[in-house]
Amino acid sequence: KIELQHGAHRTGKRTDADMQTWRTYGLGQFIHWGAYSLLGGKYNGEYYNGAAEWIRVWNKVPNAVYDNLYKQFNPQQYNPTQWAAMAKQMGVKYLTFTTKHHDGFCLWPSKTTSYTIAGTPYKKDIIKPLVEAYTKAGIDVYLYFSVMDWSHPDWRYDLKTREDTIAFDRFKKFTKDQLTELLTLYPETKGLWFDGTWDNSWKKSGAFTDSLEQYLKALRPGLIIGSRLRADDLGNRHNDANGLLMGDYEQGWERKIPKTYADVHGNDWDCVMTIPENGWGYQEKWLGHWKTSNELIEMLAQCVSLGGNLVVNFGPKGDGSFRPEEMTAAKDIGAWMKINSNAIYNCEYAGWEKQDWGYYTKRTGENKYYMIVFNVPVSGSLKVQPPRNWTVTKATLLGDATKNISLEKIDYGGSFIHLPKGFSTGKPFVIELETQKAT
Ligand SMILES: C[C@@H]1N[C@@H](C#Cc2ccccc2)[C@H](O)[C@@H]1O
């Protein structure tokens, strides 16, 4: 065991009520919105082939052009109540929203810089009405905050000289002041989602990251902060030098999903996922494959079946409107959740032997299991192999209990669930299993 001052201060999961609520969410929404949304990944008629919110690093966009974009930010279509209604219909339980991305443009009227919404034609605070609308809709709000800030003169990628250290000390105070503003102005905030913490300057600031986390949690007791904030004494991130998670949940699953339960190492976790292959801010031309609603639903099932949550990203246009593909995804997922959300909310890893037809989830605290089915075998029979001494006593199709699916117990343990001839819903479906353990 390596002696650390600024490693993990807790082993195992957080067990308080706020974190238990976090565990029940299942489905979240990410929203990336900022100055980059005005360009949509395009400049002078050419498309940037990277993530649209990173367009400032494209050499075809002069920094001076990008850094003055905010003077055009005037989102007349911005309607946080409508945004919250779309999220509610989709079945989302938590929102993560970009208060400041890597470019440093603040969507709240910060007093720490002039590079804020107050300096735009729109003028008004974006965050407050959004937090209020989502909270009123029963959706918990988490605020995304990029530590890396390309606009700030004291930002450093590394600390090589004494001057670097003096400048970065000023930057750390600036960061703490901005975070204090956010938690003070928006006390409903349930947590902070940190990003832009991969550079050496931050890795060399382990003591500061530790004291900052403690400061923020004292300011807002119960605050939930993932594993992207901290660095340990040796510059390790996410897990400290002893392999212990520094944060309330594992935040490494960006555009990737664990393959097995072993991959999550007993941590809480969520996966943040784009609908296009990459790109979080609005991009006029989506690059590569766009995930269908069924693919997103399968990712949701995968995440919940391995004890995590899925957070689907939306990138509104500069005017505050959403693109049709995103509205369709929200509608389709919402329609599926309306019938099947019992297999998602308040569910956890089932621990049963995975079968080819899809994914199991288990309702927390109950002997109720769910089969989320994506692949019906040619036989039309779905094999269920619970652990020894467990038997399935009842199987019900969610949304249409009249559909006569039959349950056949197998002598050597387990069951088959026979679907009616020609059964097809054309979309994933859920079978609820009631079980009991042999005494
Ligand atoms: C949640 C996502 N994290 C940000 C990033 C990144 C990134 C940076 C370098 C290499 C790979 C990924 C994206 O801009 C988006 O905000």
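Read the numbers this way: they start at 1 and go in the same order the structure lists the ligands and their atoms.
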Margin query: Do Lys190 and Tyr94 form a cation-pi contact, if we require the NZ or CZ to be under 6.0 Å from the six-membered ring centre and within 45 degrees of the ring's axis?
Written below: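 The answer is no, since Lys190 fails at least one limit relative to Tyr94.
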
Checklist line | Parallel, tilted or perpendicular: ring planes of Trp108 versus Phe145, cut at 30 and 60 degrees | finding: tilted

Next item on the list: Provide the number and element of each atom of ligand 1 under 4.0 Å from a heavy atom of Tyr144.
Entry: 16 (O)

Checklist line | Nearest neighbour in protein (non-hydrogen) for atom 8 (C) of ligand 1 | finding: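 Protein heavy atom at minimum distance: Trp54 CZ2, 3.3 Å.
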
Item checked: Thr292-Glu295 side chain donor-acceptor pair, cut-off 3.5 Å ->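 A donor-acceptor contact under 3.5 Å links the two side chains.
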
Check: Counting only non-hydrogen atoms of the protein, does one fall under 4.0 Å from atom 11 (C) of ligand 1?
Finding: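 No, no protein heavy atom sits under 4.0 Å from atom 11 (C) of ligand 1.
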
Note to self: As an exercise, identify every atom of ligand 1 less than 4.0 angstrom from a heavy atom of His102.
What the structure shows: 4 (C), 14 (O)

Next item on the list: Would you please classify the geometry between the Trp286 ring and the Trp290 ring as parallel, tilted or perpendicular, with 30° and 60° separating the classes?
Entry: perpendicular

Next item on the list: Identify, by atom number and element, the atoms of ligand 1 in contact range of Asp195, meaning under 4.0 Å from any of its heavy atoms.
Entry: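 Listed by number with element: 1 (C), 2 (C), 3 (N), 4 (C), 15 (C), 16 (O).
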
Margin query: Test your reading of the structure: does His101 have an N or O sitting under 3.5 Å from an N or O of ligand 1?
Written below: yes

Notebook entry, point to check: Distance only, no hydrogens: is a donor on one side chain within 3.5 Å (strictly under) of an acceptor on the other, for Asn74 and Gln76?
Noted result: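 Indeed, the side chains of Asn74 and Gln76 share at least one donor-acceptor pair under 3.5 Å.
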
Note to self: Quick check against the 3.5 Å criterion: does Glu53 have a side-chain atom that pairs as donor or acceptor with the backbone of Gly34?
What the structure shows: no

Note to self: Looking only at distances, can you tell me whether any N or O atom of Trp193, backbone or side chain, sits closer than 3.5 Å to an N or O atom of ligand 1?
What the structure shows: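 In this structure, Trp193 places no N or O atom under 3.5 Å from an N or O of ligand 1.
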
Next item on the list: Have a look at Glu53, Gln251, His32, Glu254 and point out the one with the heavy atom closest to atom 14 (O) of ligand 1.
Entry: Glu53

